[in-house]
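To start, the structure under review is shown below, and the notes come after it.
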Amino acid sequence: MIPEGNRPLALLTAGSEHNLDVLRRGLRRSASFALYVVLAADAARAEVLRRLRAWSGTGGVPALHFFAAGAAGVEEIERFLAVSARGRPFAGAVIPDGVALMDTDGGAAVASLNMARDVLGKLIRGPLVLVIAAGRVAELSRMAPDLFDVRAATLEVISMLVEPAALVAVEHEEAQDLSSPSRAELQAEAARLRALADGEVPAGALADAWNQLAYSFIEEAELGEARAAAEEGRRLAERAGYTSGIGDALAIEARVLEVTGPAEAWEEALRRALAMHRETGELTKVSSGLLGLARAAARLGRPEEAEQLLRESIHLYEQLGNIRGRAAALGQLADVLQARGELDEALRIRQQEELPVYERLGDVRERAIALGKVADILEARGELDEALRIRQQEELPVYERLGDVRERAIALGKVADILEARGELDEALRIRQQEELPVYERLGDVRSRAVTLGKVADILEARGELDEALHIRQQEELPVYERLGDVRSRAIALGKVADILEARGELDEALRIRQQEELPVYERLGDVRSRAVTLGQIADVLQARGELDEALRIRQEEALPVYERLGDVRSRAVTMGHIANVLQARGELDEALRIRQEEALPVYERLGDVRSRLACQTNMALIHLERAAPGDREAAAALLRVAHRDAANLQIPEAETIRRIQREAGLTP
């Protein structure tokens, strides 16, 4: 079956679908000027505009001219009305942003439209559709009473509570649709599309069908198939001069390139898609495209640019009156701030700006997801009890009530992460094996199954079961990513293999994997942060081999500058701690202590990162004990007392480690 247009941007109520049928019939019958007022906001408004673009020029609906949204659209309407004589009037037109008409220049454009009521038929020989939020229509009718006297109809379109995300827009880590087609069904659809002869179906409709198929392949993690389908969609759209379809195809290609690289192609596809959607004036897709480009800028080491793009997207969503999209963009801004170590501001955005939107909308699913992000920040700060409470008491019950087995499994995995961090390995392993894995196996989600098996391997490694952990990595996890063409996940898994080999003392092979198989992937993807992390791990291996000078050089010259450029104060502090480790190993105890005391510890205190702070205090105590200068023993005892108190409060394994250090040093707890 050939879809009528792009993936729906919202699920509409039955009454709204009926109203859209009425509107379409009216557009077909409009032999002269007729005004239709459509009441719609947020995702429903985006879906109305999508339908109008799909109908334009087909099935008896005249070709519709779409004015721009926002202030640019108001200026365009003013210029349009200023023309005294028009030899080629529009067959039909759409004003997509009625709110902007009222809020720009005191509503001057509304007054102009009202005064032009009698001549509009000479400028538009068919229907004019004006889209506005329902809450503003009474105000608009007061501002333009003459215009409203001649309207053909006023129709309301609203969306249902649960809305699927826009095509290639803000997406969650996991797909939401549990009834998606199987891989075999998708491949059968691809075969049917290829069998259609040129001319049998309009190229634009075929382009939409291929783009929809490409998106479905992405949901099934079939990246190669997704890119091939998107390329076919783009070819057909280019042949038809279908700018919006070209932009959609490029956006899908960008999704694939984000995972497979190269980075330059990923960013170029995003920029081209954004340009296409700017050209067509599809502001919802422009806003979404800005989010994608911001994600790329952040990963490629340009956090300031990422923040600028996100703020532009937030502004556009505000213009559109799309409070849901604005909340999603704010959430992505919080991600950028969190990556820079600005945990307090990230938490403020989540709690004060994002969460209230979903609560006001009554969207319990998005609220649960945002609460999960709050828990992520608390976990990063070492507040494990509160993070666990949110997961168990506020997030999990929502997915259970909704019957969303996939999101429940994901949330359970996050619970297992916290338990693992607290040293409760047996319970974490039970959750992984008995509650999380069976869900992905039942859903046929091979990628999520592989990711979870990797988490199982993490726990086995922590328990010292290195052979079994290595078997899982090499025999069950890696082959999945290789088959899916997911080079990033493969590189991450290879890094975990190197961790195990390093723990087994196989340093040469661990180093080879880091340098020859993991690092080149991040360089190809342009992922400067992951490259810096991997360089730090290479330095760990070199330090273990006694190559202290080279390990120090990598830390100081290759890893540290990246975090400074990214503004990531936390990662910089961690790296300074590693530098202190190397200096301590070289016997430079005074400088090692200074770095921990002056450049690492204050950062953790400012960030409220209790766990990192107590680890830093413990390491400072060890330096004091090793240096054994006057007053060092007392300083070590004080540091260890504070660190043990905090570790005991957090219920983490470090508490026992600190107690052991106190006993061995003969220090009073």
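Side-chain contact check for Leu614 versus Leu650: some heavy-atom pair is nearer than 4.5 Å. Residues Leu625 and Asp632 form no side-chain contact, since every pair of their non-hydrogen atoms from C-beta on lies 4.5 Å or further apart. Inter-residue side-chain proximity for Arg408 and Val439 is flagged as unmet; no heavy-atom pair is nearer than 4.5 Å. A heavy-atom distance below 4.5 Å is found between the side chains of Asp540 and His578. Between Val569 and Arg340, every side-chain heavy-atom pair lies at or beyond the 4.5 Å cut-off.
Taking CD of Glu506 as the reference point, atom CG of Leu470 lies at 8.0 Å (rounded to 0.5 Å). Atom CD1 of Ile323 is separated from atom CG of Leu361 by 4.0 Å, given to the nearest 0.5 angstrom. The line from CD of Glu477 to OG of Ser489 is 8.5 Å long, rounded to the nearest 0.5 Å. To the nearest 0.5 Å, atom CD1 of residue Ile658 and atom CZ of residue Arg660 are 10.5 Å apart. If you take CG on Leu300 and CZ on Arg302, they are separated by 5.5 Å, rounding to the nearest 0.5 Å. For the atom pair CG (Leu589) and CG (Leu583), the distance works out to 9.5 Å, reported to the nearest 0.5 Å.
For Glu427, the salt bridge (charged side-chain N to carboxylate O under 4.0 Å, His left out) partners are Arg430, not counting sequence neighbours. Residues passing the side-chain contact (heavy atoms from CB on, under 4.5 Å) test with Val533 are Gln537, Tyr563, sequence neighbours excluded. When the salt bridge (charged side-chain N to carboxylate O under 4.0 Å, His left out) test is applied to Arg488, the partners found at least two apart in sequence or on another chain are Asp527. For the salt bridge (charged side-chain N to carboxylate O under 4.0 Å, His left out) test, residues two or more places apart in sequence or in another chain that qualify with Arg663 are Glu656. Partners of Asp385 under the side-chain contact (heavy atoms from CB on, under 4.5 Å) rule, at least two apart in sequence or in another chain, are Arg422, Gln651. Judged as a side-chain contact (heavy atoms from CB on, under 4.5 Å), and not counting sequence neighbours, Ala628 has no contacts. Residues that satisfy the side-chain hydrogen bond (donor to acceptor under 3.5 Å, both in side chains) test with Gln338, not counting sequence neighbours, are absent from this structure. By the salt bridge (charged side-chain N to carboxylate O under 4.0 Å, His left out) test, Arg613 is found to be paired with Asp646, residues two or more places apart in sequence or in another chain being considered. Not counting sequence neighbours, Glu304 has no partner by the side-chain hydrogen bond (donor to acceptor under 3.5 Å, both in side chains) test. Residues passing the side-chain hydrogen bond (donor to acceptor under 3.5 Å, both in side chains) test with Arg641: none are found, sequence neighbours excluded. Arg531 meets the side-chain hydrogen bond (donor to acceptor under 3.5 Å, both in side chains) test with Glu523; sequence neighbours excluded.
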Exercise for review: Please step through side chain to side chain contact (heavy atoms under 4.5 Å, CB included) for the pair Leu640 and His644, ending with a clear verdict.
Suggested key: CA-CA 6 Å; Leu640 290 172; His644 181 268; 6.0 Å; no
**Study point:** Residue pair Leu290, Leu310: steps toward the side chain to side chain contact (heavy atoms under 4.5 Å, CB included) verdict
**Key:** CA-CA 7 Å; Leu290 287 166; Leu310 287 168; over 6 Å; no
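For Arg611 (side chain) and Glu654 (main-chain N/O), no donor-acceptor pair under 3.5 Å exists by modelled atom type. Side chain of Arg555 to main chain of Gly536: a donor-acceptor pair is present (N/O by atom type, distance under 3.5 Å, no hydrogens or angles). For Ser313 (side chain) and Leu309 (main-chain N/O), no donor-acceptor pair under 3.5 Å exists by modelled atom type.
Across all non-hydrogen atoms, the minimal contact from Ala592 to Ala580 is CB-O, 3.5 Å. Between Ala600 and Ala573, the shortest heavy-atom distance links the atoms CB-O, 4.0 Å. The shortest non-hydrogen separation linking Ala306 to Ala298 is CB-N, 3.8 Å.
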Do any side-chain atoms of residues 492-503 form donor-acceptor pairs under 3.5 angstrom with protein atoms, and if so which ones, sequence neighbours left out?
residue: Asp499; atom: OD1; partner: Arg514; partner atom: NH2; Å: 2.3

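Using modelled atom types and a 3.5 Å distance limit, the side chains of Arg659 and Gln662 yield a donor-acceptor pair.
In this structure, Glu407 does not pair ionically with Arg365, as no charged nitrogen and carboxylate oxygen lie closer than 4.0 Å.
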